[in-house]
Amino acid sequence: MTNDTQTVPERLVAFLPNLRRFAISLCRSRELADDLVQMACERAILAADSFVPGSRFDAWMFRILRNLWIDHLRRQKTAGPQGDLEDARDVSIPSGEAASLARMDLLEVTAAVQKLPAEQREVLVLVCVEEFSYRDAAEVLAIPIGTVMSRLARARKNLMELTGISFGESRSPDTKGGVL
């Protein structure tokens, strides 16, 4: 991702969009995501000596962010529910029929992703959006690779159901991958 001569703060600047995207996928709130990213950056800078040059900076940062999210959830259980989830109304797209249809599709997929259980959503974002390998996602989430694979399969299946995507009636033993 970056060379080993860069400091943690230098790496953070380039990595902020990825970190924010992952935070939004976890908490489904842009404001809370920004707070989590800020806390993760602060924690990373304070713990810069614990980062091992040559290791994956992105995995290190995602783990810090995820741990902060888990801490937030634990605090929230004792504090009770806060507020409603934010709508995805601030997505900016050009006008026109195609753009309107694209926005509707985006909102439908966004809503479907938000309905996924947290563990499926985490794996989906790490593997499909951040392009982590199964092994790297397993390391970030501290779970076995097989669990990553099964959660990802369930997430994809649930997304298909929630968005109405279908590959035909059903698979038969005579077809491979659902294709005749």
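When every heavy atom of Gln114 is checked against every heavy atom of Arg121, the shortest pair comes out as O-NH1, 3.7 Å. In terms of heavy-atom proximity, Trp69 sits nearest to Leu26 at CZ2-O, 3.4 Å. When all heavy atoms are compared, the tightest approach of Ala33 to Cys27 is N-SG, 3.5 Å. Between Phe62 and Asn18, the shortest heavy-atom contact is CE2-O, 3.7 Å.
Ile24 and Val140 end up in different hydrophobic clusters when Ile, Leu, Val, Met, Phe, Trp and Tyr side chains are linked at under 4.5 Å.
Partners of Glu161 by side chain to side chain donor-acceptor pair (under 3.5 Å), not counting sequence neighbours, listed by chain and number: Lys157.
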Just list the side-chain donor-acceptor pairs under 3.5 Å for residues 34-52, sequence neighbours left out, or say none.
from: Asp34; atom 1: OD1; to: Arg20; atom 2: NE; distance (Å): 2.5
from: Asp34; atom 1: OD1; to: Arg20; atom 2: NH2; distance (Å): 3.4
from: Gln38; atom 1: NE2; to: Glu42; atom 2: OE2; distance (Å): 3.3
from: Ser50; atom 1: OG; to: Ala47; atom 2: O; distance (Å): 2.7

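The distance from atom CD of Gln120 to atom CZ of Arg151, rounded to the nearest 0.5 Å, is 8.5 Å. Expressed to the nearest 0.5 Å, how far CZ of Phe57 lies from CD of Glu10 amounts to 10.5 Å. Atoms CG and CG, on Leu12 and Leu19 in that order, are 7.5 Å from each other to the nearest 0.5 Å. To the nearest 0.5 angstrom, Glu108 atom CD is 10.0 Å from Thr110 atom OG1. Here the CZ atom belonging to Arg11 is positioned 9.5 Å from the CH2 atom belonging to Trp60, to the nearest 0.5 angstrom. To the nearest 0.5 angstrom, Leu65 atom CG is 6.0 Å from Phe22 atom CZ.
In this structure, the side chains of Ile70 and Arg66 come closer than 4.5 Å at one or more pairs of heavy atoms. Counting only heavy atoms from C-beta outward, the side chains of Leu124 and Val113 approach each other to under 4.5 Å.
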**Message:** Under the criterion side-chain contact (heavy atoms from CB on, under 4.5 Å), I'd like the reasoning laid out for Tyr134 against Leu152: C-alpha separation, chi angles, the key distance, then a yes or no.
**Reply:** CA-CA 9 Å; Tyr134 292 170; Leu152 184 59; 3.6 Å; yes
**Prompt:** Can you list the steps and then say if Asp58 with Glu130 is a side-chain contact (heavy atoms from CB on, under 4.5 Å)?
**Reply:** CA-CA 9 Å; Asp58 54 355; Glu130 298 300 333; over 6 Å; no
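Under the side-chain contact (heavy atoms from CB on, under 4.5 Å) rule, Glu122 has a single partner from Leu116, Leu141, Ile143, which is Leu141.
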